Amino acid sequence: MALQALLAKLQASGIQLRKSDGALAVSGGRGALDQSLVSELRVHKAALLDMIQGEGWWSPPPIRPEMLTLVELNQAEIERIVAAVPGGARNVQDVYPLAPLQEGIFFHHLLATEGDPYLQGSLSRFDGRASLDAYLGAMQAVIDRHDVLRTAVVWEGLPEPVQVVWREARLGVEEVELDPTGGDAATRLWARFGPRSHRLDVRRAPMMRVHFARDGEGDGWVMLWQQHHLIGDHVSSDVFREEIRAHLRGRADELPAPLPFRNYVAQARLGVSRAEHEAYFRELLGDVDEPTAPFG
């Protein structure tokens with residue numbers, strides 16, 4: 001068993017370690033220590049003793065720097081990330097950097113002072129509350145399937161922005177009370193929560209939300225669904241809706257296995273070096289000496 005796997009098992013089992021006259025003292029609940037675990041503790045004894053600091057009992061941190069294969073973070077930075085996730089380390093599935101395209105989108109997100117240029121939105125109408133609730137349940141089921149939909153961005157106090165995949169991320173849903181005689185509900189929802197004036201906290205997963213309201217005085221409902229472009233585009237939004245329909249039709253078991261988004265990040269970050277990207281664009285744009293915005 002690798003050291004990282006051993007640390008994860010110790011953490012999950014609630015086992016604590018301590019130095020005692022150069023030996024390794026172990027404390028855990030009844031049944032937590034089986035013979036295979038004792039053997040692994042002996043194999044990694046020297047490395048474990050090097051990790052233990054202080055006099056009291058030491059609990060292995062659930063996430064260590066060597067466990068993160070796509071980003072370099074020290075233990076203090078990891079703990080800062082974990083502290084920002086509801087449920088702590090047990091709710092952290094993965095941590096990796098932004099892909100290059102995400103870096104550009106995130107830059108413009110931070111640059112905007114009013115609204116968000118990368119907040120997508122769409123409106124839907126439902127003939128009853130039961131239909132709306134079923135649709136929201138299917139949306140959550142799709143979020144549960146895909147790690148990119150359970151992703152948040154953390155950057156404060158870190159050497160670079162990272163995306164953190166939560167194991168569980170509940171869709172933010174808000175019912176809005178509108179005057180039924182005040183005009184079209186969809187138009188008013190968009191005016192209140194549209195991207196020109198509204199922002200989404202990308203530090204929380206999922207990076208999407210729903211606002212809904214009664215559609216007039218009848219039994220209909222209108223729903224505004226918003227998603228940040230950091231986790232989706234037009235194509236992925238179509239896939240999202242297709243999977244929702246599959247859940248509503250009882251055909252979720254026919255959906256293909258989801259692909260880990262970290263694979264795309266690894267390909268984008270490791271396939272070509274940043275220096276090669278910079279050299280390419282310097283050659284391509286190096287002679288541009290004035291803005292090229294349309295209409296001046």
Side-chain angles (χ1 to χ4, degrees), residues 4-5 8 12 63 67-71 81 85-87 89-106 118-126 130-154 161-173 200 202-210 212 223-272:
Q4 295 91 327
I63 305 174
M67 298 178 183
L68 306 179
T69 57
L70 294 178
V71 65
I81 291 170
V85 178
R90 295 184 183 277
N91 199 28
V92 177
Q93 176 181 317
D94 208 343
V95 180
Y96 40 77
L98 275 64
L101 180 59
Q102 288 178 305
E103 289 180 321
I105 293 172
F106 182 61
Y118 286 108
L119 186 58
Q120 304 169 289
S122 65
L123 291 158
S124 303
R125 296 183 187 272
F126 299 87
S131 298
L132 170 63
D133 289 342
Y135 195 88
L136 293 174
M139 290 179 75
Q140 184 63 57
V142 178
I143 291 169
D144 294 342
R145 269 176 46 83
H146 295 281
D147 52 12
V148 68
L149 299 182
R150 290 177 280 104
T151 294
V153 177
V154 180
V162 297
Q163 42 193 335
V164 184
V165 182
W166 297 9
R167 295 188 184 278
E168 180 179 347
R170 305 301 299 176
L171 174 65
V173 176
L200 190 150
V202 299
R203 295 170 296 185
R204 309 288 299 180
M207 281 186 262
M208 62 174 69
R209 64 183 167 210
V210 165
F212 64 91
M223 182 190 80
L224 170 61
W225 169 68
Q226 294 176 311
Q227 173 182 263
H228 205 280
H229 198 40
L230 279 165
I231 60 167
D233 55 16
H234 176 72
V235 174
S236 64
S237 295
D238 287 344
V239 174
F240 183 63
R241 293 186 182 91
E242 289 174 7
E243 293 204 2
I244 289 173
R245 286 192 287 269
H247 280 274
L248 291 173
R249 295 167 181 167
R251 304 180 65 177
D253 57 339
E254 299 177 14
L255 293 172
L259 298 175
F261 189 66
R262 75 173 346 263
N263 293 357
Y264 169 76
V265 174
Q267 181 179 11
R269 297 274 298 206
L270 305 178
V272 178

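Fair warning: this is a prediction, and the values are worked out from it, not measured in the lab. Scope of the values below: all heavy atoms of this structure, side chains included, with no hydrogens, waters or symmetry mates.
In terms of modelled atom types and a separation under 3.5 Å, the side chain of R150 and the main chain of I143 share a donor-acceptor contact. R269 places a side-chain N or O within 3.5 Å of a backbone atom of L98 that can act as its donor or acceptor partner. In this structure a side-chain-to-backbone donor-acceptor pair under 3.5 Å is present from Q163 to P97.
Atom-to-atom distance recorded for Q226:CD and Q120:CD is 10.5 Å, nearest 0.5 angstrom. T151 OG1 to H146 NE2: the interatomic distance, rounded to the nearest 0.5 Å, is 12.0 Å. Here CE of M208 is found 4.5 Å from CG of L149. Values are rounded to the nearest 0.5 Å. Here the CG atom belonging to L230 is positioned 11.0 Å from the CD atom belonging to E103, to the nearest 0.5 angstrom. To the nearest 0.5 angstrom, L171 atom CG is 10.0 Å from D144 atom CG. Of the inter-residue distances, the one linking F261 atom CZ with D94 atom CG reads 12.0 Å to the nearest 0.5 angstrom.
Using cut-offs of 30° and 60° on the angle between ring planes, the pair Y118 and H229 is parallel.
The nearest pair of heavy atoms linking R209 to L200 is NH1-CA, 3.7 Å. Contact between P260 and D147 at its shortest, heavy atoms only, is CA-OD2, 3.4 Å. The heavy-atom pair separating W166 from Q93 by the smallest distance is O-OE1, 4.3 Å. What you find for A268 and A99 is that their closest heavy atoms are CB-CB, 4.3 Å.
Within 6.0 Å of CD on Q267 lie no more than 12 heavy atoms contributed by other residues, nucleotides or ligands.
The closest side-chain heavy-atom distance from R262 to V165 is not below 4.5 Å. Residues H228 and F106 form no side-chain contact, since every pair of their non-hydrogen atoms from C-beta on lies 4.5 Å or further apart. The closest side-chain heavy-atom distance from V92 to I81 is not below 4.5 Å. Under the 4.5 Å side-chain criterion, counting only non-hydrogen atoms from C-beta, R249 is not in contact with E254. Counting heavy atoms from C-beta on, the side chains of P86 and R204 come closer than 4.5 Å. With a 4.5 Å cut-off on side-chain heavy atoms, V210 and M139 count as touching. Side-chain contact between Y264 and V148 is absent, with no heavy atoms from C-beta onward closer than 4.5 Å.
A salt bridge between D238 and R241 is present, with a side-chain N of the basic residue lying under 4.0 Å from a carboxylate O of the acidic one.
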*Show your reasoning for whether side chain to side chain contact (heavy atoms under 4.5 Å, CB included) applies to R167 and R90.*
CA-CA 8 Å; R167 295 188 184 278; R90 295 184 183 277; over 6 Å; no
*May I have the step-by-step check of side chain to side chain contact (heavy atoms under 4.5 Å, CB included) for L70 and L270, ending in yes or no?*
CA-CA 9 Å; L70 294 178; L270 305 178; 4.0 Å; yes
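Checked against Q227 for a side chain to side chain contact (heavy atoms under 4.5 Å, CB included), the options P206, S122, S237 give a single hit: S237.
Residues forming a side chain to side chain donor-acceptor pair (under 3.5 Å) with R245 (at least two apart in sequence, or on another chain): none.
Annotation: Y135 is not in aromatic contact with W225 [ring centroid separation under 6.0 Å not met].
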